[in-house]
J.: 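Just passing along the structure, written as structure tokens.
So that the names make sense, note that chain A is the first sequence line, chain B the second, and so on, each numbered from 1. None of the values given here were measured: they were computed from a predicted structure.
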Amino acid sequence: MYSIYEKIREQIETVVKDAILRSISKGLLPEIELPPIMMEKPREEAFGDFSTNIAMQMAKQARKAPGQIAQIIIDRMKTDGTFVVRVEAAGPGFINFYLNNEWLYETLDLIDEKKEDYGRVNIGNGKKVMVEFVSANPTGPLHMGNARGGALGDCIASVLEKSGYSVTREFYVNDAGNQMEKFGASLEARYLQKIYGEDKIPFPEDGYMGEDIIDHVTEYISEHGDELAQKSSEERRKDLVEYALPKNLKRIKDGLARYGIHYDVWFRESTLYSGEIEETMNILKERGFVTEKDGALWLNGEKAGLERDEVLIRQNGLPTYMAADIAYHRNKFVKRGFDKVINLWGADHHGHVARMKAAMDAIGVDSSRLEIIIFQLVRLFKNGEIAKMSKRTGRAISLDDLLDEVGVDAARFFFNLKTSGSHLDFDMDLAVEQSNNNPVFYVQYAYARICSLLRKLAEDNIVVPDAKAVFKELLSKPEEIKLIKRLAEYPEEVSLAAQTLEPSRLTRYVMDVASDFHSFYNACRVKGEEENLMYARLLLVNCTKIVIKNVLDLIGINAPEKM
RNA sequence: GCGCCCGUAGCUCAGCAGGAUAGAGCACAAGUUUCCUAAACUUGGUGUCGCACGUUCGAAUCGUGUCGGGCGUACCA
């Protein structure tokens, strides 16, 4: 068992199902096909600990009023040997269950037993899943979009790991194709401008405007001089790219490492050019998905279910980004055998989603195995004003800048505070504020407070007891009960975060844990209480510590023992 | 024009495999510390769920239309 919810769900399902079957056999309900019995937590505490809407689900088929059905079921319900102490029909036909506190005390046993594994669930069954994220162009520094995608992707990967999937984190390095051409052309232009003067050499219209390009050539010249001016353009670009690309990649790698992100695989686009793109194009040809026109090779839109045709191989013989990407995804699924692939793309790439999915079906890979998460872009706020970031204008606020200003914890926390679909305004002033306005501090403070309490008790040789040896039934104050209920939700939260691919719910969850803890702390003393009560509370405090730590570890945020 | 995302309290957002009086945090106001970290807690009001139709016993949640904001619509990536 990994979760008390699991146990309660089983109990309620069994009890309800048995009651329904008994009712049917007595002719009180018609013989119908049973809908799945859903257990939910009522919004209001007054509606019991858990409820089910099964009576309403059955109403149509059974041709009876939901309230009536609920009562029939309840009258035949046998709850011996379960947590359930009272059942009632309420509202439009809900069946509400009231539990004794035993399930809460078992929660503490479970947390104490599992410790850092509390919250681990198994919905993945070891399935191989890849999360590909950030995959920033190695033509410049990481920007805010990468920062959000990075925090999100890394946490999604962590949540899936906790949920029983075998996870690979991957970064796709676009070290080939058109943008490398543009990168080379941009470097070359800046190089020649340095030597002959800015007004003498035009900068390519679609070149990379960033300061970093200039920095590269400045460094290059100081290390290697200006003899490249004499060489051919082709050679010049090649040398400059070979100089700058590894530097950019290292910077990206270091920046992400600082951000707490470590990849299993850095996959280079260039490796696809020695056969795999061609192979993939041949498969598309064989399956009849391509047409040739105007000297180019196209993906047939009509056949693939797209609005229009898409170029795969240009007139000049070079594959498009899309051709490489199809080959890349074929590599993920076919060559490397991932059951499921999750890609994180910024909103500016959403147009590519339908095309990639269609392309997967076209090469014979079920496109439902490819999940693409589109996250909305970020607006950075500082001093109440929008702080612009743009790789093109050269006035970019990079990931490094952000981390310098707000730190890793705040960045990761804030980027995981909202659902990926929501537009995100990042308030840099709030992120560094050391007050209760700042949710990062709020949560970390709760943890530090717990650690401090434990230290104080340890000074008097009072240590956390074994859960089994504690009189847990002494925990009965509203603040204690509320906190334990919250802790009991954790595995469920992990499971939901994995299913919806929304780690933001864990960030919000840990804020709730912190809040419930602070309330408990203000209402209940530990040190100095009667011994049995003190140990019971001490156990609860330590369980809270375990849960907060587990969540913070999961989302990659520091849990400070002192603040 | 077409496509995708978003529109819920003054602000930032949850809720959206339809279900019980729509929730948090912030802001604002008043209180709480001889006591384990007051970076904390307690109490207080707020909503045409963008708008309009439709499906349903029941819609913030599903469908259609519409308005507003963002993004996309290249032989760019």
J.: Is A/Lys382 paired with A/Glu405 through a side-chain N to carboxylate O contact shorter than 4.0 Å?
T.: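 Looking at A/Glu405 and A/Lys382, the cut-off is met.
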J.: How far does the C1' atom of B/U48 sit from the matching atom of B/A22, given to the nearest Å?
T.: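 That atom pair is separated by 14 Å.
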J.: For A/Asp294, which contact category applies under a 4.0 Å heavy-atom criterion: base, sugar-phosphate, or nothing?
T.: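 The answer is base, as A/Asp294 lies within the cut-off (heavy atoms under 4.0 Å) of a base atom.
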J.: Establish, yes or no, whether a centroid distance under 6.0 Å links the rings of A/Tyr172 and A/Tyr328.
T.: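 Between A/Tyr172 and A/Tyr328, the centre distance is under 6.0 Å.
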J.: When the C1' atoms of B/C35 and B/A20 are compared, how many Å lie between them, rounded to an integer?
T.: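 Between the two C1' atoms, the distance is 43 Å.
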J.: Pairing check on B/C2: which nucleotide meets the Watson-Crick or G-U wobble criteria with it, both distances under 3.5 Å?
T.: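 Its partner is B/G72.
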J.: Starting from the C-alpha separation in whole Å, work towards a yes-or-no answer on ring-ring contact (aromatic ring centres under 6.0 Å, His included) for A/Tyr447 and A/Phe517.
T.: CA-CA 9 Å; A/Tyr447 188 80; A/Phe517 172 74; 9.9 Å; no
J.: For B/G31, which nucleotide in any strand shown is its Watson-Crick or wobble partner with both distances under 3.5 Å?
T.: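 Check on B/G31: paired to B/C41, both distances under 3.5 Å.
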J.: May I ask you to say whether A/Arg9 pairs ionically with A/Glu6, meaning some side-chain N is under 4.0 Å from a carboxylate O?
T.: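 Judged by the 4.0 Å cut-off on N to carboxylate O distance, A/Arg9 and A/Glu6 do not form a salt bridge.
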J.: Over all strands shown, is A/Arg537 touching base, sugar-phosphate only, or nothing at heavy-atom distances under 4.0 angstrom?
T.: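 No contact.
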J.: In whole Å, measure the gap between the P atoms of B/A60 and B/U21 for me.
T.: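 Those two atoms are separated by 11 Å.
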J.: Take atom P in B/G63 and the same atom in B/G23, then report the distance between them in whole Å.
T.: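 So the two P atoms sit 25 Å from each other.
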J.: In this structure, how many angstroms lie between the C1' atom of B/C75 and the CG atom of A/Asp309, rounded?
T.: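 Spelled out: CG on A/Asp309 to C1' on B/C75 is 12 Å.
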J.: Applying the Watson-Crick and G-U wobble criteria at under 3.5 Å, what pairs with B/C49? Answer none if nothing qualifies.
T.: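 Its partner is none (no Watson-Crick or G-U wobble pair with both distances under 3.5 Å).
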J.: With sequence neighbours excluded, tell me which residues meet side-chain hydrogen bond (donor to acceptor under 3.5 Å, both in side chains) with A/Gln376.
T.: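 Partners of A/Gln376 under the side-chain hydrogen bond (donor to acceptor under 3.5 Å, both in side chains) test: none.
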J.: Under 4.0 Å: is that the gap between some side-chain N or O of A/Asn522 and OP1 or OP2 of B/A40?
T.: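 Checking A/Asn522 against B/A40: no side-chain N or O falls below 4.0 Å of OP1 or OP2.
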J.: Would you check if there is a donor-acceptor pair between the side chains of A/Thr291 and A/Asn300 at a distance under 3.5 Å?
T.: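 No donor-acceptor contact under 3.5 Å links the two side chains.
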J.: Any side-chain N or O of A/Ser515 below 4.0 angstrom from OP1/OP2 of B/G25?
T.: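 Checking B/G25 against A/Ser515, no side-chain N or O comes under 4.0 Å of OP1 or OP2.
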J.: Atom CZ of A/Arg63 and atom P of B/C57: how far apart are they, to the nearest Å?
T.: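 A/Arg63 atom CZ is separated from B/C57 atom P by 14 Å.
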J.: Answer yes or no: does a side-chain N or O of A/Asn137 lie under 4.0 Å from OP1 or OP2 of B/A77?
T.: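 No, no such contact exists.
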J.: Both A/Asn178 and A/Tyr521 contact RNA chain B. Taking the nearest nucleotide for each, which residue is further toward the 5' end?
T.: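 The residue whose closest nucleotide sits nearer the 5' end is A/Tyr521.
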J.: Expressed as a whole number of angstroms, how long is the span from A/Glu459:CD to B/C36:P?
T.: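 Answer to the nearest Å: 12 Å.
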J.: Tell me which of A/Met322 and A/Ala347 sits closer to the 5' end of RNA chain B, going by the nucleotide each one is nearest to.
T.: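 This one resolves to A/Ala347.
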J.: Considering every strand shown, what is the Watson-Crick or G-U wobble mate of B/G23 when both distances are under 3.5 Å?
T.: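 With both distances under 3.5 Å, B/G23 matches B/C13.
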J.: If you only use heavy atoms from C-beta on, which nucleotide in B/A39, B/C5, B/C57 is closest to the side chain of A/Phe441?
T.: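 Side chain of A/Phe441 sits closest to B/A39.
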J.: Expressed as a whole number of Å, how far does the P atom of B/U43 sit from that of B/C26?
T.: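 Between the two P atoms, the distance is 13 Å.
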J.: Assign A/Ser519 to base, sugar-phosphate, or nothing according to its heavy-atom contacts below 4.0 angstrom with the strands shown.
T.: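 Here A/Ser519 touches the backbone only, sparing every base.
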J.: Which value, in whole Å, describes the distance between the C1' atoms of nucleotides B/U61 and B/G3?
T.: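 Their C1' atoms lie roughly 23 Å apart.
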J.: Select base, sugar-phosphate, or nothing to describe what A/Cys451 touches, counting heavy atoms under 4.0 Å on all strands.
T.: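 Result for A/Cys451 = nothing.
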J.: Classify the nucleic acid contact of A/Ala296 as base, sugar-phosphate or nothing, counting any heavy atom under 4.0 Å across all strands shown.
T.: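 Base contact - A/Ala296 has a heavy atom under 4.0 Å of at least one base atom.
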J.: For A/Glu269 and A/Tyr321, test the side chains for any donor-to-acceptor distance below 3.5 angstrom and give the result as yes or no.
T.: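 No, no side-chain donor-acceptor contact under 3.5 Å.
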J.: Could you run through nucleotides 11-20 of chain B and give me one letter per nucleotide, 5' to 3': B if any protein heavy atom sits under 4.0 Å from the base, S if only the sugar-phosphate is that close, - if neither?
T.: -SSS----BB
J.: If you check the A/Glu44 side chain, which of B/G23, B/C35, B/A77 turns out closest?
T.: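 So the side chain of A/Glu44 is nearest to B/G23.
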J.: What integer number of Å spans the P atoms of B/C49 and B/C62?
T.: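 Looking at atom P only, B/C49 and B/C62 are 16 Å apart.
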J.: Regarding A/Glu480 and A/Ser476, is there a side-chain donor-to-acceptor distance under 3.5 Å anywhere?
T.: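 No - no donor-acceptor pair under 3.5 Å links their side chains.
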J.: What integer number of Å spans the P atoms of B/C2 and B/U66?
T.: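 About 8 Å, rounded to a whole number of Å.
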J.: Salt-bridge test for A/Lys41 and A/Glu492: reply yes if a basic N is under 4.0 Å from a carboxylate O, no otherwise.
T.: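 Not counted as a salt bridge, because no side-chain N and carboxylate O are separated by less than 4.0 Å.
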J.: Rounded to the Å, how far apart are A/Leu299 CG and B/C75 C1'?
T.: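 Checked: the CG to C1' distance equals 14 Å.
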J.: Verify the contact: side-chain N or O of A/Tyr442 to OP1 or OP2 of B/C41, cut-off strictly under 4.0 Å; return yes or no.
T.: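 It does, given that an N or O in the side chain of A/Tyr442 lies less than 4.0 Å from OP1 or OP2 of B/C41.
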J.: Quick check against the 3.5 Å criterion: does A/Thr544 have a side-chain atom that pairs as donor or acceptor with the backbone of A/Leu540?
T.: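 Such a contact is found between A/Thr544 side chain and A/Leu540 backbone.
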J.: So which nucleotide from B/G72, B/G23, B/A77 ends up closest to the side chain of A/Tyr321?
T.: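 The answer is B/A77, which lies nearest to the side chain.
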J.: Reckon A/Gln315 touches a base, only the sugar-phosphate, or nothing at all at heavy-atom distances under 4.0 Å?
T.: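 Result for A/Gln315 = base.
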J.: Any N or O donor-acceptor pair linking the side chain of A/His350 to the base of B/G3 at under 3.5 Å?
T.: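 Counting by modelled atom types and ignoring angles, a donor-acceptor contact under 3.5 Å is found here.
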